[in-house]
Number of protein chains: 2
Amino acid sequence: MKQTKTWDASQLRPVFRKARTRFTTQREAIWRFFARSPGGFTITDAVAKLKAKGIGLATVYRTVTLLEKLDLLRHVHDKGLEHRFIATQPGHFHPLVCRSCGHVVEFDACGLSAVERSLSAKTGFHVEGHYVEIYGTCAECTGGRK
Amino acid sequence: MKQTKTWDASQLRPVFRKARTRFTTQREAIWRFFARSPGGFTITDAVAKLKAKGIGLATVYRTVTLLEKLDLLRHVHDKGLEHRFIATQPGHFHPLVCRSCGHVVEFDACGLSAVERSLSAKTGFHVEGHYVEIYGTCAECTGGRK
DNA sequence: GTTGTTGCAAACAGTTTGCACGAAA
DNA sequence: TTTCGTGCAAACTGTTTGCAACAAC
């Protein structure tokens, strides 16, 4: 299963426009940085790498928050406390995360809507959404060693 | 669906013993505190409340980490960044969280094992586990107001 | 008695904020 | 030109750690 193509930069501008916010060189650079790896990066990674480009720490934080709101970035839980952010296309997707190398593959069918309906009926909850993350070890990391 | 009964304190001691760790008055008090509410509490709540009993902040942190490792506590994501910890029985359970009042109901059947098998076959991942959390508004919070 | 646990305070890590300057529309 | 975004540094919040006193086994 190959990683679905994320947006290229030319499609990015309209997203910012739609949100009535500016498409700056920093914001593009930050998004490009995260889009560079299928496993994404932590904010710390991004800050370290983008400092060289003269992009400040605060801007990275503010932009990551923004990109997540725009559905251009999604976060997954790393082994530690820190989150890793991955570039993604919008829609209903969940991450399948490799705990060894950090590689992330997204999948759509989580089959939870049936469970939600049944829970809703049993408990009276009005279900608004769910958070799902599956983790394990990817083929490359499993094969051979470990 | 009523909340399944969690362990009472008399069953607690063996769990600590099995983990070769001590069953102290502080640890019991901290577990009791979280067990008191079906919605659980944040660490900040616990620190504030248990300070009166002379239990220090560091102990609360260390103990919560321990209790989670012992499967006596599980955390859910609050609206903000802070986690909320709820007392729970061990086993495969997931939280259904009310975002309005914080009430948590646990459920077991998440139906994800079929999804995992199919993903595993498609991607070659060795799946080790998953994190699932469903959120919404509970019956009490939905009914009438809001 | 031995060893793990606790409380305190100080150290840390990650994140947010105020403000003057600079760049997008 | 106007307004929003940026960089910097300082402030914050939540969490971890070192160490002497203490309690569980």
Side-chain angles (χ1 to χ4, degrees), chain A residues 9-10 12-34 40-70 72-85, chain B residues 9-10 12-34 40-70 72-85:
Chain A
S10 71
L12 229 48
R13 185 169 231 113
V15 178
F16 283 84
R17 171 168 290 258
K18 186 149 150 281
R20 276 188 246 81
T21 193
R22 294 181 183 172
F23 186 64
T24 65
T25 56
Q26 289 93 332
R27 289 178 174 180
E28 183 176 358
I30 292 170
W31 179 80
R32 277 179 183 287
F33 173 75
F34 283 103
F41 293 105
T42 64
I43 295 216
T44 311
D45 295 335
V47 168
K49 203 72 195 298
L50 295 166
K51 185 162 45 186
K53 286 197 168 65
I55 298 178
L57 172 158
T59 302
V60 174
Y61 276 99
R62 289 187 275 231
T63 302
V64 166
T65 305
L66 173 68
L67 292 175
E68 214 177 2
K69 210 170 327 186
L70 298 182
L72 292 166
L73 234 45
R74 226 185 286 296
H75 73 272
V76 301
H77 297 104
D78 230 339
K79 255 172 291 190
L81 321 152
E82 239 184 328
H83 288 161
R84 234 147 20 82
F85 293 83
Chain B
S10 72
L12 229 48
R13 184 170 232 113
V15 178
F16 284 83
R17 171 167 289 255
K18 186 149 152 280
R20 276 187 246 82
T21 193
R22 293 183 184 170
F23 186 64
T24 65
T25 55
Q26 290 92 333
R27 290 177 173 179
E28 183 177 356
I30 291 169
W31 179 80
R32 277 179 182 287
F33 173 76
F34 283 103
F41 293 105
T42 64
I43 294 215
T44 311
D45 294 335
V47 168
K49 203 71 195 298
L50 295 165
K51 185 162 45 186
K53 285 197 167 63
I55 298 178
L57 172 157
T59 302
V60 174
Y61 276 100
R62 290 187 274 230
T63 302
V64 166
T65 304
L66 172 68
L67 291 175
E68 214 177 2
K69 210 171 328 188
L70 299 182
L72 292 166
L73 233 45
R74 226 186 283 298
H75 73 271
V76 301
H77 297 103
D78 230 341
K79 255 171 290 189
L81 322 151
E82 240 184 325
H83 289 161
R84 231 146 22 83
F85 293 82

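Keep in mind it's a predicted model, so treat the numbers as computed, not measured. Convention: sequence-line order gives letters A, B, ...; per-chain numbering from 1.
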B:Leu50 and its side-chain contact (heavy atoms from CB on, under 4.5 Å) partner, picked from B:Thr59, B:Leu57, B:Val60 | B:Val60
B:His75 vs B:His83 aromatic rings, parallel, tilted or perpendicular, using cut-offs 30° and 60°?
-> parallel
Nearest-Å distance for atom pair NE2/C1', residues B:His83 and C:dG14 = 14 Å
Polar atom pairs between nucleotides 1-11 of chain C and protein, under 3.5 Å, N or O only, would you list them?
residue, atom, partner, partner atom, Å
C:dT3, O2, B:Arg22, NH1, 3.2
C:dT3, O2, B:Arg22, NH2, 2.9
C:dG4, O4', B:Arg22, NH2, 3.3
C:dG4, N3, B:Arg22, NH1, 3.4
C:dT5, OP1, B:Thr21, OG1, 2.4
C:dT5, OP1, B:Arg22, N, 3.3
C:dT5, OP1, B:Arg27, NH1, 3.0
C:dT5, OP1, B:Arg27, NH2, 3.4
C:dT6, OP1, B:Thr24, OG1, 2.8
C:dT6, O3', B:Gln26, NE2, 3.0
C:dG7, OP1, B:Gly54, O, 2.7
C:dG7, OP2, B:Gly56, N, 3.0
C:dG7, OP2, B:Thr59, OG1, 2.3
C:dG7, N7, B:Arg62, NH2, 2.9
C:dG7, O6, B:Arg62, NH2, 3.2

Which one of A:Asp45, A:Ile43, A:Thr44 satisfies the side-chain contact (heavy atoms from CB on, under 4.5 Å) criterion with A:Val47?
-> A:Ile43
Whole angstrom is fine here: how far is it from CG in A:Leu50 over to P in D:dC8?
-> 13 Å
For A:Glu28 and D:dG5, give me the distance from atom CD to atom P, rounded to whole Å.
-> 16 Å
Table please: side-chain donor-acceptor pairs of residues 18-27 of chain B below 3.5 Å, with sequence neighbours left out.
residue, atom, partner, partner atom, Å
B:Thr21, OG1, B:Arg27, NH1, 3.0
B:Thr24, OG1, B:Arg27, N, 3.2
B:Arg27, NH1, B:Arg22, O, 2.8

Take atom NZ of A:Lys51 and atom C1' of D:dC8, then tell me their distance rounded to the nearest Å.
-> 13 Å
Double-helix bend of the helix from C:dG1-D:dC25 to C:dA25-D:dT1, axes at both ends from 5 pairs, round to 10°, gives 50°
Report yes if a side-chain nitrogen or oxygen of A:Tyr61 is closer than 4.0 Å to either non-bridging phosphate oxygen (OP1 or OP2) of C:dT15; otherwise report no.
-> yes
Note: A:Leu72 and A:Trp31 closest approach over all heavy atoms is O-NE1, 3.6 Å
Side-chain contact, heavy-atom cut-off 4.5 Å: A:Phe85 with A:Ile30?
-> no
Could you check how far CZ of A:Phe16 sits from C1' of D:dG5, rounded to whole Å?
-> 12 Å
Distance-minimising heavy-atom pair for B:Ala46 and B:Phe34 = CB-CZ, 3.6 Å
Would you mind reading off the distance between A:Phe85 atom CZ and C:dG14 atom C1', rounded to a whole angstrom?
-> 11 Å
When rounded to the nearest 0.5 angstrom, what distance separates NZ in B:Lys53 from CZ in B:Phe33?
-> 9.0 Å
